[in-house]
S.K.: 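Pasting a structure below so you can have a look.
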Amino acid sequence: MSAETPAAPGQFSRRRLQFRSWRGTRPFWAGLYILLAGLPIMYFPYAHLQIGNLTVAMATTAGAGSLIIGVLLVVLGISVWFQKHIRTFAGVAAILLALVSLPVSNFGGFIMGFLFALIGGAMAVAWAPGAGPQPEVAWAPGTPQPEGDVPPAGDHTPGDGAHFTGSDGVGEANDLSGTSPLNGANGRHSAG
């Protein structure tokens with residue numbers, strides 16, 4: 001593509017909407033938080049921070065453990081994005097790795113990695129796929145369309161005790177405790 005050729009109109013908007021659609025069908029933010037949690041946990045044990053002329057090396061004997069925890073968190077974050085059916089396992093594993101990172105890797109990457117992994121893991125466990133779009137019912141011309149929710153069709157008749165008319169004239173569900181005046185229980189329960 002040369003500098004003179006303009007980009008296809010709407011290309012950016014189309015890609016943005018595709019990404020939004022992809023992101024909406026999976027625990028995207030949970031995966032991002034888990035992925036970001038691995039970075040400080042991996043980085044700080046191998047970093048040499050300069051404070052003026054003072055070099056602070058935070059390398060510990062658990063540097064390999066920190067690297068393993070960080071890599072596992074990054075892999076879990078990517079796995080949550082592309083394999084959403086393992087979200088519960090990945091969320092619990094991220095929470096456990098966050099707890100293990102506290103003593104192993106400089107207080108969980110100076111608490112940053114710990115908090116990201118804890119929040120991301122909880123979000124992954126709590127995420128549930130959304131319901132698909134409801135099909136619209138086509139009404140025949142000339143028939144009145146109901147207002148509000150339509151009650152489900154069933155084989156209940158008004159006299160079978162499934163519904164009774166309350167004092168305000170509105171149908172109410174039968175009391176499931178068995179002490180309704182309509183069934184003659186009179187407030188007493190019988191065993192048998």
S.K.: What pair of heavy atoms forms the shortest contact from Ala124 to Gly91, and how long is it?
M.R.: CB-CA, 3.9 Å
S.K.: Using 0.5 Å steps for rounding, measure from the CZ atom of Phe116 to the CD1 atom of Ile111.
M.R.: 13.0 Å
S.K.: Does any part of the side chain of Leu96, heavy atoms only, come nearer than 4.5 Å to the side chain of Val100, both counted from C-beta?
M.R.: no
S.K.: Nearest 0.5 Å, please: how far is CG in Leu97 from CD1 in Ile41?
M.R.: 8.0 Å
S.K.: Quick check for you: to the nearest 0.5 Å, what is the distance between Ser79 atom OG and Leu72 atom CG?
M.R.: 10.0 Å
S.K.: With Trp81 as reference, evaluate Phe19, Phe28, Tyr33 under the ring-ring contact (aromatic ring centres under 6.0 Å, His included) test and give the passing residue.
M.R.: Phe28
S.K.: Side-chain contact test, heavy atoms from C-beta onward, threshold under 4.5 Å: evaluate it for Val71 versus Met42 and give yes or no.
M.R.: yes
S.K.: According to a 4.5 Å side-chain heavy-atom criterion applied to Ile, Leu, Val, Met, Phe, Trp and Tyr, with indirect links allowed, do Ile69 and Leu99 form part of one hydrophobic cluster?
M.R.: no
S.K.: Working to the nearest 0.5 angstrom, can you tell me the gap between Leu76 CG and Gln83 CD?
M.R.: 11.0 Å
S.K.: Can you confirm if the aromatic rings of Phe44 and Phe107 lie within a centre distance of less than 6.0 Å?
M.R.: no
S.K.: Flag the pair Pro129 / Thr25 as yes when at least one side-chain heavy-atom distance between them is below 4.5 Å, and no otherwise.
M.R.: no
S.K.: Has Ser21 got a side-chain atom pairing as donor or acceptor with Gln18's backbone, closer than 3.5 angstrom?
M.R.: no
S.K.: Please tell me whether Val74 and Ile119 are part of a single hydrophobic cluster in this structure, the criterion being side-chain heavy atoms less than 4.5 Å apart.
M.R.: yes
S.K.: Can you name the residues that form a side chain to side chain contact (heavy atoms under 4.5 Å, CB included) with Leu17, not counting sequence neighbours?
M.R.: Arg20
S.K.: Look at the side chain of Arg87 and the backbone N and O of Trp127, then say whether any donor-acceptor pair between them is shorter than 3.5 Å.
M.R.: yes
S.K.: Are the side chains of Leu73 and Leu35 in contact, using a 4.5 Å heavy-atom criterion?
M.R.: no
